[in-house]
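Presented below is the structure to which this report refers.
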2 protein chains.
Amino acid sequence: MRIIPILASASYQGFGVMTTVDQRVEERLSGRSVRYTRARRLVIGALGRAEGPRSAAELHDDLGRQVPVSSLYRSLGVLEEAGVVAPHHGARGVTRYELAEWLAGHHHHLVCVQCGAIEDVIVPKGKEVGIRELVDTLARDSGFMPLDHVLEIEGRCSRCA
Amino acid sequence: MRIIPILASASYQGFGVMTTVDQRVEERLSGRSVRYTRARRLVIGALGRAEGPRSAAELHDDLGRQVPVSSLYRSLGVLEEAGVVAPHHGARGVTRYELAEWLAGHHHHLVCVQCGAIEDVIVPKGKEVGIRELVDTLARDSGFMPLDHVLEIEGRCSRCA
DNA sequence: TTCCTTGCAAACGATTTGCATTGGA
DNA sequence: TCCAATGCAAATCGTTTGCAAGGAA
């Protein structure tokens with residue numbers, strides 16, 4: 001989520017000055033009696049540094065293979081349950097995770113159909129409001145209760161073009 | 001894709017009167033020297049009848065288990081390669097397929113986070129133009145070559161609400 | 001102590017593939 | 001005819017889980 005420096009930075013959304021992602025996660029987890037263990041901290045750190053959603057295997061590499069893949073799956077599961085990370089389902093049945101929106105800010109995805117890489121993008125506020133209204137209308141008209149939305153832009157990234 | 005009767009119907013986009021999905025697929029495949037076999041016809045028929053993307057397992061049921069799952073995977077692979085169907089990656093590593101946009105018309109998805117069901121929706125033309133412009137801008141600004149886009153609206157469907 | 005987390009390996013489920021057989025242009 | 005498509009079973013690959021050991025409260 002590094003692309004969104006402003007939203008992801010220290011003081012965001014009512015958290016006082018100098019509240020880091022790590023601190024906000026810690027607070028949320030303790031409020032739910034969920035331990036913020038070493039492995040979980042490493043995962044949050046890696047996701048905070050990533051440019052987009054990461055899979056368990058990718059995180060395993062990102063973290064220098066010091067955390068076994070099965071533990072990553074378990075950590076990701078707990079963090080997802082706690083609403084700290086959110087899953088994204090991509091090609092070849094791979095699930096990638098990213099920090100939840102209250103941590104990373106609302107954004108959309110550029111998905112490379114060639115190499116599978118996913119990059120985050122943010123939409124200018126004005127446009128985003130338009131999208132949200134559209135989403136609400138479409139959902140309501142179908143008796144659907146909208147919770148979130150993502151605009152997935154598929155194409156070829158600069159490297160694969 | 002049944003939700004989009006007008007776009008999916010007989011005469012669409014420059015194909016003469018009474019051109020069915022089946023005929024258009026036949027034409028496209030023969031133009032590429034790809035056989036339109038019994039299994040492939042059944043798959044196209046089932047997708048044409050579906051309300052949204054279907055997985056290999058779901059198609060297996062839809063077709064009364066007369067086509068083995070492995071054959072469905074192979075048919076879907078060929079049809080995807082030929083640009084006749086398009087994949088959608090969902091929860092639990094399940095890939096669902098739908099007719100490509102030139103057959104089904106451009107649309108978006110309502111994804112139920114509870115049961116995983118996906119429903120197609122179309123956006124009024126005016127709004128859709130706005131989305132397309134936004135997509136082009138966002139992609140270009142990131143050195144990305146946009147090919148397609150889907151607005152995924154996640155929420156709870158009427159049955160799960 | 002007591003409950004939660006971790007690591008390893010076995011289990012699972014979706015998808016892919018090898019191979020012998022069948023089918024379509 | 002003759003290569004491509006199919007069916008079945010075995011193999012893959014991402015992900016989940018059982019179980020014993022390690023940690024924190």
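Only a predicted model underlies this, so the values are computations on that prediction, with no experimental measurement involved. A note on names: the letters A, B, ... follow the listed sequences, proteins ahead of strands, and every chain is numbered from 1.
Judged by distance alone, with hydrogens and angles left aside, the side-chain atoms of B:R96 form no donor-acceptor pair with the main-chain N or O of B:G52 at under 3.5 Å. Remark: the backbone N or O of A:A82 is paired with a side-chain donor or acceptor of A:R28 at under 3.5 angstrom.
Between B:H60 atom NE2 and C:dT15 atom C1' the separation is 14 Å, expressed in whole Å. Whole-Å rounding puts the B:Y73 OH to D:dT12 P distance at 18 Å. Whole-Å rounding puts the A:E26 CD to D:dA24 P distance at 14 Å. As rounded to whole Å, 11 Å separates atom P of C:dG24 from atom CZ of B:R40. Spacing between atom CG of B:L59 and atom C1' of C:dT15 amounts to 14 Å, rounded to whole angstrom units. D:dG14 atom P lies 14 Å from atom CZ of A:R54, rounded to whole Å. If you measure from atom CG of B:L29 to atom P of D:dA4, you get 16 Å, rounded to the nearest angstrom. In this structure, A:L72 atom CG and C:dT5 atom C1' are separated by 13 Å, rounded to whole Å.
Think of B:V94 as one node in a network of Ile, Leu, Val, Met, Phe, Trp and Tyr side chains linked at under 4.5 Å; it has no links at all.
Taking the nucleotide of DNA chain C with the nearest heavy atom to each of B:T95 and B:T37, the more 5' of the two is matched to B:T95. Both A:R35 and B:S70 sit near DNA chain C, but only A:R35 has its closest nucleotide nearer the 5' end.
Among the heavy atoms of the strands, none lies under 4.0 Å from B:A57. Nucleic acid contact class of A:R38 (heavy atoms, under 4.0 Å, all strands): none. The residue B:R74 sits close to a base: some heavy atom pair falls under 4.0 Å.
Inspection of the A:H88 and B:H89 side chains reveals no N or O donor paired with an N or O acceptor under 3.5 Å.
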**Message:** Between A:H109 and B:E152, is the side-chain hydrogen bond (donor to acceptor under 3.5 Å, both in side chains) condition met? List the steps.
**Reply:** CA-CA 11 Å; A:H109 291 150; B:E152 297 267 337; over 6 Å; no

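You'll find that the side chain of A:R92 is closest to D:dG14, out of C:dA14, C:dT6, D:dG14.
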